Chemist: 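Pasting in a structure now, in structure tokens, and then I'll have a few things to ask.
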Amino acid sequence: MLRADNKNKNYVLNDKQANIFKLIVETYIQTGEPIGSQKLVEKCDLSCSSATIRNIMAHLEKLEFLEKQHISGGRIPSTKGLEFYAKYLVYNPKKYFNEKLDDLLAKRRLNIDTTLDEAASVISKMANFTVIATTNNASETLKSIQLTPLNENSSIVVLVTSTGRVESKMFNYDSNQIQLNDLKVAIRLFKERLIDIPLIKLSEKANALMPIFQAQVKNYEIIMQKFIKTIFVFEEETHNKTYNKGAIILSENISREDIAKVFELIEKHSVWEAIENNLDEDNNIKLDLSRPNLSIISKKINFNNSKNIKEISVVGPSNINFEESFETINILEKLIDKEKNNEN
């Protein structure tokens with residue numbers, strides 16, 4: 001017996017009803033056509049009669065899981081039915097891509113960036129949908145700061161971040177106002193006080209060090225202001241990396257106008273924040289079936305990781321294979337989690 005609470009309404013399906021509904025949805029996904037009772041019996045080689053299937057379909061229609069496009073035609077899954085199917089009937093990591101995943105995990109060819117890129121690219125092409133990895137630098141921290149003098153009026157300040165990013169910034173100054181030794185003292189103080197501070201908070205935290213600088217650094221105000229205005233300049237940014245765009249571009253069911261809207265979404269915005277329907281709050285999963293001929297699934301990643309990935313999303317046609325979609329998200333999340341555990 002399968003029980004679910006969907007927006008404070010209880011839905012109860014026994015094992016047979018749940019299995020028949022699963023077959024209806026998967027047959028519809030495969031054929032794209034309304035499903036009749038006799039058609040389902042023949043296609044799935046069922047042992048029960050078409051009358052039994054009709055009774056189950058009538059029950060599913062009362063639950064608003066199925067709907068009729070025409071009075072005399074077969075039934076198709078409703079949006080509510082597809083959400084129920086996605087959450088309760090297929091959201092269990094199973095068999096898809098296991099061999100490829102084992103290969104990727106075993107080889108770990110170069111680093112987590114390469115592994116994730118390869119995994120997302122391979123899986124999205126195998127399943128023929130688009131995968132989006134959304135990164136956000138809010139938790140990216142400072143790991144190292146070094147000073148390399150070039151001449152008496154300029155130096156290079158090198159910042160290394162928690163994602164492995166290296167930022168080289170020119171520090172120009174008047175040698176009559178700032179001495180190299182004072183710069184070296186400033187760098188030492190920054191190393192002592194700013195390591196593991198988020199990049200977007202470096203200016204704020206550096207400014208709070210003024211009393212310490214006043215006691216140890218000559219012309220500390222000039223040095224500090226130059227660092228705050230030219231070196232510690234970072235803003236929060238969100239970027240999406242998209243794999244297998246062709247799955248959307250080549251889809252026969254998605255109009256050119258809708259494709260443009262989807263690309264606007266996945267290239268410039270957080271997919272997670274753009275979806276209103278929270279399918280599974282416990283697992284931070286959202287499902288959007290409101291767009292014409294499109295399905296969007298997004299998973300919010302809560303732990304910090306070397307790539308700052310905060311979301312994994314899958315975009316495909318309205319008849320997207322939910323099981324493969326959830327398993328894709330699950331695989332990529334495992335890869336990220338594995339890297340986090342390795343770092344710890």
Side-chain angles (χ1 to χ4, degrees), residues 4-9 11 21-22 25-26 28-29 32 63-67 76-93 120 123-124 127-136 238-302 309-333:
D5 188 299
N6 192 334
K7 296 181 180 178
N8 300 318
K9 292 182 179 180
Y11 301 110
F21 181 56
K22 189 171 187 291
V25 173
E26 291 172 353
Y28 173 71
I29 288 174
L63 295 179
E64 299 179 354
F65 287 177
L66 296 179
E67 57 189 21
I76 65 173
S78 66
T79 297
K80 184 183 294 184
L82 288 173
E83 290 175 357
F84 184 91
Y85 167 83
K87 183 172 182 179
Y88 295 106
L89 299 182
V90 299
Y91 185 35
N92 294 303
I123 294 172
S124 62
N128 196 32
F129 48 55
T130 300
V131 173
I132 304 103
T134 302
T135 60
N136 180 280
T238 296
H239 296 286
N240 290 339
K241 188 165 186 179
T242 307
Y243 304 88
N244 194 25
K245 283 185 180 180
I248 297 176
I249 295 173
L250 299 177
S251 174
E252 297 179 354
N253 297 322
I254 305 175
S255 69
R256 300 302 96 181
E257 182 181 355
D258 291 333
I259 288 174
K261 291 179 180 178
V262 172
F263 283 158
E264 169 74 16
L265 168 65
I266 66 179
E267 290 178 356
K268 298 183 179 180
H269 303 283
S270 161
V271 178
W272 168 269
E273 292 179 0
I275 298 176
E276 295 182 358
N277 183 359
N278 200 337
L279 173 67
D280 189 341
E281 291 184 6
D282 292 337
N283 291 294
N284 283 327
I285 293 176
K286 288 185 177 181
L287 175 65
D288 186 355
L289 300 174
S290 66
R291 303 165 196 272
N293 300 312
L294 273 175
S295 296
I296 304 176
I297 304 166
S298 186
K299 172 72 182 284
K300 190 174 183 179
I301 308 296
N302 282 325
I309 292 179
K310 301 304 178 188
E311 305 167 21
I312 298 291
S313 306
V314 169
V315 179
S318 55
N319 63 343
I320 193 172
N321 187 310
F322 287 102
E323 189 164 15
E324 290 186 359
S325 302
F326 283 120
E327 183 64 1
T328 293
I329 292 173
N330 184 61
I331 287 172
L332 298 179
E333 186 178 17

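Here the structure is a predicted model, which is why all the values come from computation and not from measurement.
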Chemist: Would a distance-only check, ignoring hydrogens and angles, find a side-chain to backbone donor-acceptor pair under 3.5 Å from Asn240 to His269?
Modeler: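 Looks like yes, one N/O pair under 3.5 Å.
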Chemist: If you measure from NZ on Lys310 to CH2 on Trp272, what distance do you get to the nearest 0.5 Å?
Modeler: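 Separation between the atoms: 14.0 Å.
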Chemist: What orientation do Tyr85 and Phe322 show, parallel under 30°, tilted 30 to 60°, or perpendicular over 60°?
Modeler: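 It falls in the perpendicular class, over 60°.
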Chemist: Holding to salt bridge (Lys or Arg N to Asp or Glu O under 4.0 Å), I want the full list of residues that pass it with Lys286, two or more places apart in sequence or in another chain.
Modeler: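 With sequence neighbours excluded, Lys286 shows a salt bridge (Lys or Arg N to Asp or Glu O under 4.0 Å) to no residue whatsoever.
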Chemist: With sequence neighbours left out, what residues match Asp258 under side-chain hydrogen bond (donor to acceptor under 3.5 Å, both in side chains)?
Modeler: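 With sequence neighbours excluded, Asp258 shows a side-chain hydrogen bond (donor to acceptor under 3.5 Å, both in side chains) to Ser255, given in chain and number order.
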Chemist: Quick one: CG on Asn284 to CD1 on Ile312, what's the gap to the nearest 0.5 Å?
Modeler: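 Spacing of CG (Asn284) from CD1 (Ile312) equals 13.5 Å.
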Chemist: Under the side-chain hydrogen bond (donor to acceptor under 3.5 Å, both in side chains) rule, collect the residues that match up with His239, sequence neighbours excluded.
Modeler: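 With sequence neighbours excluded, His239 shows a side-chain hydrogen bond (donor to acceptor under 3.5 Å, both in side chains) to Glu237, given in chain and number order.
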Chemist: Taking only residues two or more places apart in sequence, or in another chain, which ones meet Asn244 in a side-chain hydrogen bond (donor to acceptor under 3.5 Å, both in side chains)?
Modeler: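 Testing Asn244 for side-chain hydrogen bond (donor to acceptor under 3.5 Å, both in side chains), a comparison that skips the adjacent residues, returns none.
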Chemist: Dump the intermediate steps for side chain to side chain contact (heavy atoms under 4.5 Å, CB included) on Phe326 and Lys299, then the final yes or no.
Modeler: CA-CA 9 Å; Phe326 283 120; Lys299 172 72 182 284; over 6 Å; no
Chemist: Looking only at heavy atoms, which two atoms of Leu332 and Ala120 are closest? And how far apart?
Modeler: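 Nearest heavy atoms, Leu332 then Ala120: CD2-N, 3.9 Å.
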Chemist: How long is the straight-line distance from NZ of Lys261 back to CG of Leu294, given to the nearest 0.5 Å?
Modeler: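 Leu294 CG to Lys261 NZ: 10.5 Å, rounded to 0.5 Å.
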Chemist: Indicate yes or no: at least one non-hydrogen side-chain atom of Leu66 is less than 4.5 angstrom from one of Phe21.
Modeler: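 Result yes, sub-4.5 Å side-chain heavy-atom pair found.
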Chemist: Tell me every residue that passes side-chain hydrogen bond (donor to acceptor under 3.5 Å, both in side chains) with Thr79, counting only those two or more places apart in sequence or in another chain.
Modeler: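 Counting only residues at least two positions away or on another chain, Thr79 forms no side-chain hydrogen bond (donor to acceptor under 3.5 Å, both in side chains).
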Chemist: According to side-chain contact (heavy atoms from CB on, under 4.5 Å), who are the partners of Glu67, at least two apart in sequence or on a separate chain?
Modeler: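 Ile76, Ser78.
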Chemist: Looking at residues at least two apart in the chain, or sitting in another chain, which of them share a side-chain contact (heavy atoms from CB on, under 4.5 Å) with Ser313?
Modeler: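 With sequence neighbours excluded, Ser313 shows a side-chain contact (heavy atoms from CB on, under 4.5 Å) to Ile132, Val271, Ser298, Glu311, given in chain and number order.
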Chemist: Applying salt bridge (Lys or Arg N to Asp or Glu O under 4.0 Å), name anything that partners Glu26, two or more places apart in sequence or on another chain.
Modeler: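 So Glu26 forms a salt bridge (Lys or Arg N to Asp or Glu O under 4.0 Å) with Lys22.
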Chemist: Please evaluate residues Leu63 and Phe84 with respect to the criterion side chain to side chain contact (heavy atoms under 4.5 Å, CB included), reporting the C-alpha separation (whole Å), side-chain torsions for both, the decisive distance (0.1 Å), and the verdict.
Modeler: CA-CA 11 Å; Leu63 295 179; Phe84 184 91; over 6 Å; no
Chemist: To check you understand the geometry: which heavy-atom pair defines the closest contact between Leu287 and Glu83, and what is its length?
Modeler: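 Heavy atoms only, the tightest pair is CD2-CG, 3.7 Å.
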Chemist: Please list, chain by chain and in numerical order, all residues satisfying side-chain contact (heavy atoms from CB on, under 4.5 Å) with Ile259, sequence neighbours excluded.
Modeler: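 Result, side-chain contact (heavy atoms from CB on, under 4.5 Å) vs Ile259: Ile248, Ile254, Arg256, Phe263.
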Chemist: Would you check if there is a donor-acceptor pair between the side chains of Ser318 and Asn293 at a distance under 3.5 Å?
Modeler: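 No, no side-chain donor-acceptor contact under 3.5 Å.
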Chemist: Out of curiosity, Glu273 CD to Ile275 CD1, how far, rounded to the nearest 0.5 Å?
Modeler: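 Between Glu273 CD and Ile275 CD1, I get 11.0 Å after rounding to 0.5 Å.
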Chemist: For the residue pair Val262 and Val315, what are the closest heavy atoms and their distance?
Modeler: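 It is CG1-CG1, 4.1 Å.
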Chemist: If you take all heavy atoms of Tyr243 and Ser124, which pair is closest and at what distance?
Modeler: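 Heavy-atom minimum between the residues: CB-OG, 3.8 Å.
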Chemist: How many angstroms lie between atom CD1 of Ile285 and atom CD1 of Ile329, to the nearest 0.5 angstrom?
Modeler: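 So the gap between those two atoms works out to 6.5 Å.
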Chemist: Could you check whether any side-chain heavy atom of Ile331 comes within less than 4.5 Å of a side-chain heavy atom of Glu327, counting everything from C-beta outward?
Modeler: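 Yes, close enough: below the 4.5 Å cut-off.
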Chemist: Which pair of non-hydrogen atoms, one from Ile320 and one from Ile29, has the smallest distance, and what is that distance?
Modeler: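 Scanning both residues, the minimum pair turns out to be O-CD1, 3.8 Å.
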Chemist: Do Ile309 and Thr134 come close enough that some side-chain heavy atom pair is under 4.5 Å?
Modeler: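 A side-chain contact is absent here, since even the closest heavy-atom pair is not under 4.5 Å.
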Chemist: Decide yes or no for Val314 and Ile296: does some side-chain heavy atom of the first lie under 4.5 Å from some side-chain heavy atom of the second?
Modeler: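 In short, these two side chains do not touch, never coming nearer than 4.5 Å.
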Chemist: Looking at residues at least two apart in the chain, or sitting in another chain, which of them share a salt bridge (Lys or Arg N to Asp or Glu O under 4.0 Å) with Glu276?
Modeler: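 Expected list: none.
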